[in-house]
Amino acid sequence: GGELQEGQNLDFKRQIDFNKPETKTRLLDDVVAFLNRGPSRIIVGVAERDGRFDGFRPMTDNADKFTLRVQTLIQDGITPTPADVEVVPLHMDGGFILDIRIPRHPTGPFMNRLTGGYLIRSGVRNLPIDPGMLRSRFVDELHWLRTLDELTAEEDARLAANNVVAPGRALRIGILPRDHFDHLRRPFTQEDHVRSSAPSFSEGVPSWFKVCEDGHQVLNHDFNQRGIERLFVRDDWFIHAHASFALYQTSGEGRLALHEFDLSVKRYLKDLSEFLIEQEIEGPFAVTLALQSLEETENFGAWFLNTTTVRTLRPQIVSFVDDETLIADFLRRVRQASVYG
């Protein structure tokens, strides 16, 4: 119907001519640019007009051999090798087209070996990666994880020393996007006279960022004016979230509200992920989760007999902050550490 249009996650190609080196170079440029941006598709065997789908142009070669040749070109022509790229032939009347499926890759940056170029997709164009972004893409993974641990521990200690938030059953989240290492990355800002809303762990509680030392924060209080929830976005995009009493015992039933806690954690991390996407912080992210101070409220430690803290022992690198596997593993650890096992 002509509705599909080339853009940030889709590209059309009429054909690939392996006898022309420039054709191979352009294909690798496209794959590299998409790999450095995010999940996308390249469809080969399609005509386009002004970037819009304008009809199929099926290829008549041996589909299996041609597919293998394209797959080999991609794997041999790009570094590091993008092992998860799929090249899928789709058969139709008159031949076949190719669906090149490019998933999100947390590693990188990716380079076209034929040209030595680092590119990133922007709209319908492939642009060179700017020096600041390129340096951030080469950050050592162990340094990245160690930096998150250090920043999170420092912020935990600062909150405790200044009594910013109430102790007790606190959910703590530390997030460090790779963009932290891009010194040219702009900090989080708000428009003049307009405060930006923020994700909140407590559903239905309106939260607004205010300027604070080194960045912006949201600080919510209870009826006794105790700080019970804080979200801090530092100017270099380190993010620290703290929600006191995130896990509670229900009144009346006297039940440990694990189900409610699970739902709140999933929703909050989803909201944080959407906030980061809105700010064009696209990851990947190093993330650490902890449910701490389980002993600091009278009698609550009886629910967790063998531990005072449940956490991801090592930060995880994920494409999205609300990564399902990361969340499921953490929630499973919380449940297993409780008397429910």
Side-chain angles (χ1 to χ4, degrees), residues 9 31-40 78-85 101-111 118 120-121 129 132-156 171-185 188 199 231-234 236-242 265-266 268-292 309-334:
N9 55 14
V31 177
V32 163
F34 281 134
L35 284 167
N36 286 327
R37 170 57 69 189
S40 49
I78 296 174
T79 187
T81 302
D84 293 334
V85 173
R101 303 170 182 175
I102 304 170
R104 179 179 289 273
H105 281 64
T107 58
F110 292 88
M111 180 189 75
Y118 291 91
I120 191 165
R121 190 73 168 189
I129 296 180
M133 182 185 292
L134 190 57
R135 283 194 299 271
S136 73
R137 301 278 172 129
F138 277 113
V139 64
D140 178 75
E141 186 172 297
L142 291 178
H143 172 63
W144 185 359
L145 301 181
R146 192 179 306 117
T147 300
L148 175 59
D149 276 338
E150 292 171 355
L151 291 174
T152 303
E154 290 173 7
E155 199 61 30
D156 283 345
L171 172 68
R172 193 263 294 131
I173 303 170
I175 302 171
L176 194 66
R178 186 165 57 186
D179 285 336
H180 165 82
F181 300 96
D182 179 359
H183 295 169
L184 301 179
R185 165 63 70 174
F188 171 65
L231 175 62
F232 173 55
V233 180
R234 218 167 78 162
D236 58 8
W237 286 103
F238 163 62
I239 295 171
H240 186 279
H242 180 107
V265 169
K266 292 175 183 177
Y268 187 46
L269 286 167
K270 182 176 184 295
D271 290 346
L272 284 171
S273 182
E274 291 176 352
F275 164 73
L276 290 165
I277 292 172
E278 289 173 2
Q279 298 298 317
E280 298 181 352
I281 305 297
E282 298 181 343
F285 305 88
V287 179
T288 181
L289 304 169
L291 181 63
Q292 55 198 24
T309 299
V310 182
R311 63 177 180 267
T312 51
L313 187 59
R314 296 174 179 170
Q316 301 293 313
I317 293 180
V318 293
S319 296
F320 299 97
V321 168
D322 57 342
D323 180 84
E324 292 182 1
T325 301
L326 170 71
I327 297 173
D329 287 346
F330 173 66
L331 295 177
R332 185 182 305 111
R333 290 176 67 87
V334 171

Donor-acceptor under 3.5 Å ([X] side chain, [Y] main chain):
| X | Y | result |
| --- | --- | --- |
| E155 | A153 | no |
| W237 | D182 | no |
| N36 | F110 | yes |
| R37 | R121 | yes |
| T79 | M111 | no |

| field | Sidechain N-carboxylate O distance under 4.0 Å for R332, D329 | value | yes
| said: Between E274 and K270 (salt bridge meaning N to carboxylate O under 4.0 Å), is one present in this structure? | reply: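 Salt bridge: yes.
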Shortest non-hydrogen separation from [X] to [Y] and the atoms involved:
| X | Y | result |
| --- | --- | --- |
| P109 | P80 | O-CD, 3.3 Å |
| S273 | D322 | OG-OD1, 3.2 Å |
| A241 | Y268 | CB-OH, 3.5 Å |
| R311 | F330 | CA-CE1, 4.3 Å |

| Can you tell me if H242 and D156 form a side-chain donor-acceptor pair at under 3.5 Å? | no
| Under a 4.5 Å cut-off applied to non-hydrogen side-chain atoms, are F238 and L148 in contact? |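 In contact.
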| If we only count heavy atoms from C-beta on, is the F34 to P82 side-chain gap below 4.5 Å? |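 No, too far: nothing below the 4.5 Å cut-off.
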| said: Could you measure the distance from the CZ atom of R104 to the CG atom of D84? Nearest 0.5 Å is fine. | reply: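 It is 13.5 Å, given to the nearest 0.5 Å.
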| said: As a test of understanding, state which of I239, L326, I327 forms a side chain to side chain contact (heavy atoms under 4.5 Å, CB included) with V287. | reply: L326
